[in-house]
Amino acid sequence: MKTYEISRLIMKYRIGNPFETDAVLQKGRECDKENIEYFQIEETEGFRLSYRMTPQDIIWGLGENQKGMNKRGGVYVSYCTDDPNHTPDKKSLYGAHNFFVVDGEEKFGVFIDYPSKVTFDIGFTHSEFLDITVEGKDFDLYILKGTSLREIVQQFLSLIGESYCPPKWAFGYQQSRWSYMNAEEVEKIVDSFLYYDIPCDAVYLDIDYMEKFKDFTVDDASFPNFEGFVKKIKDKGFRLVPIIDAGVKIEKGYDVYEEGIEKNYFCVDEKGEAFVAAVWPGRVHFPDFLNPEARRWFGLKYKGLIDWGIEGFWNDMNEPAIFYTNKELHKAVEKAKEAQNQNLDIYSYFELRDAFVGLLNNLKDYQDFYHKSEGKLVNHDKLHNLYGYNMTRAAAEAFEEIQPDKRFLMFSRASYIGAHRYGGIWTGDNHSWWEHLLLNVKMMSSLNMCGFLYSGADTGGFGGDVNPQLMIRWMQFSLFTPLFRNHSAMGTRRQEPFAFDEGTLHILRNIIRLRYALIPYIYSEFMRALLNRDVYMAPLAFHYDDERSRRVEDQLLVGDALMITPIYEENAGGRYVWIPEEMLLWKAVDYKNRSYQIYKKGNAYLEADMQETPIFIRKNHIVLLGKHGSSVEELCHDELEAIAFVDSKATYVYYDDDGTTKEYKNRQYKEVLIEIEKIKNDFQITIINKGNDKLKKISFEILDIQGNMTKKIVEVS
């Protein structure tokens, strides 16, 4: 495990008197704010920083955002927003991740630690300028220097602290839908996976499992004897993962509501009374997650479900999403009454329509409620981006109290940097569009750069109807993302693998089996990234510094050994790829059916029909595989297979741990060092086992640069 100390290359500039976000764990070197390097400063109602870019500069980062890996040409607004229509013109999504790297003749990273609105205009208004506008005058600015993109990112990840680690079962395939309405439907889903012999580790419960959408309740009519049902499903090899929303229903007799009112744990309006908004249950109050006492109170509410056997959760609607408030609804209704007997022309009609459409997540509502911080009321708008982050924190801190050594699955929709220590994220309500598959590809490395290693998208798309082609191609990408979940919206086409025709089902089953076969590699590489303050998914530029590699937007490095080239166009039988060095192509039909081809450095056209997942193995690297199983816990890794592409010497460290506890923090894990060295026309294999008593042998398929294959089986002592 590599340890990073905060170096003199990280400068901190404190502007005004910032609110403590807890995003940063180490503070960096304090510098004079009058001499901020790189930027021209303009102080108006807020604060503006301006940097003149060169034509060669690439801007990486900003986490969950639109556009490409290179953020030049766009405007991005960090202000967590529940907007399900992720069209290219949208400037805000669910996360606020204010870290980016300028990669050109000058290389430096920038983090704006500010909990409200920050606008990044990266060559949109003025093509040569990167302009950052902070709406307030109280924030911390960090500038990180380094000689490479990777070095700068590793320093940032060291600055903000170790990423969240899920249980190992959470690396299995997961099935979700809004909603599986009752116990019978859930059990039918589970039994279908078993009948069709498709591996799966979790089935999700969306809002309809609750009693009238009330947090920490279960509808007894739809899910009788919930504790027994959770056990029954787990005995079949599946976990249930329920949703928890931010809004608490206003209902007398509902214990969460009654306790929150009694103890003043809810956000308040300007009169000091609990703020009222509406979400799924109708009118709700929002817990004040910035209050440590309220955070602990809400977090410990998860214990009831945990006591019934639940081991994972997903937090939603925590931007917070607001359907309407009483004040704004009253205005819209009054406008409708006024218009009732009028002859509306086009503009007056649009005005009436927008009065109702504008109720959803109206920015004015965020200015109408307050948090209590150190005895003072602070307007929510000033701290908006911290809300979802601290809801996830509430859960994670409670898990530490409930079962301190157990790893729970936890991921969220809204987030801010710092939340990466408490849970993962998914990218929210995407659509069954080919464009969103490509957006998923481009977003993953940016999320990793901001510490969110355990992340993924709704595979297949949440909204709209997915066709078989898109489902297959998206699955072929998502099998590499740590969070591999298929989730779809009410009223859309069913997306479970067995909901498609027999041919599509066959291909999807093979893709999911391939994921399970790759668990030894995927889990090893995820943990390597976590322990070494590194990324799991990266742009090619993290390793290759040639100009062509720096401009690739649709290929990714996955861990140390793999490059993936997802196919994201309809009816495509392949795609053009950039090969940055000699690589071995493995066309995976399933985890056993393999064909290989060596690609020279350069541009190439890659043919890949619908059933083929193209996987490139880097030169002098090794990939480990196991056999697939019905769930992660069913995997038996006493025998592994290794595919290696070796010109001279290749090494790999296979990581494993118990998958359930936090003993990895105490270096209680097992490693197997594998070394392959080419000596004349043969390969010498050395294996050093550091505590893995399960592993008995490894079967090797080694290809050299001429394409000659050597097969060997090595016993592991």
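Given the structure is predicted, the values throughout are model-derived calculations rather than measurements.
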Taking the six-membered ring for Trp, are [X] and [Y] closer than 6.0 Å centroid to centroid?
| X | Y | result |
| --- | --- | --- |
| Tyr76 | Phe100 | no |
| Tyr94 | His86 | yes |
| Phe111 | Phe99 | no |

Does [X] reach the side chain of [Y], with side-chain heavy atoms less than 4.5 Å apart?
| X | Y | result |
| --- | --- | --- |
| Met444 | Asn440 | yes |
| Leu625 | Leu640 | no |
| Leu439 | His436 | yes |
| Tyr142 | Ile160 | no |
| Phe108 | Glu37 | no |

Atom pair [atom1]/[atom2] of [X] and [Y] - distance to nearest 0.5 Å:
| X | Y | atom1 | atom2 | result |
| --- | --- | --- | --- | --- |
| Leu585 | Phe616 | CG | CZ | 4.5 Å |
| Tyr454 | Phe171 | OH | CZ | 6.5 Å |
| Leu508 | Glu496 | CG | CD | 11.5 Å |
| Asn510 | Leu505 | CG | CG | 9.5 Å |
| Glu639 | Glu715 | CD | CD | 8.5 Å |
| Gln668 | Asp658 | CD | CG | 9.5 Å |

Side-chain donor-acceptor pairs under 3.5 Å in residues 558-569, sequence neighbours left out?
unit_1 : atom_1 : unit_2 : atom_2 : d
Asp560 : OD2    : His621 : NE2    : 3.4
Tyr568 : OH     : Asp554 : OD2    : 2.5

Taking [X] first and then [Y], would you say they form a salt bridge - that is, a charged N and a carboxylate O separated by under 4.0 Å?
| X | Y | value |
| --- | --- | --- |
| Glu582 | Lys600 | yes |
| Lys168 | Asp656 | yes |
| Glu162 | Arg533 | yes |
| Arg509 | Asp197 | no |

Side-chain donor-acceptor contacts of residues 604-614 below 3.5 Å, not counting sequence neighbours, with atom names and distances?
unit_1 : atom_1 : unit_2 : atom_2 : d
Asp609 : OD1    : Gln611 : N      : 3.1
Asp609 : OD1    : Glu612 : N      : 3.4
Glu612 : OE1    : Asp609 : N      : 3.0

### Task
Among Arg407, Lys665, Lys694, Arg667, find the residue that satisfies the salt bridge (Lys or Arg N to Asp or Glu O under 4.0 Å) test when tested with Asp657.
Arg407
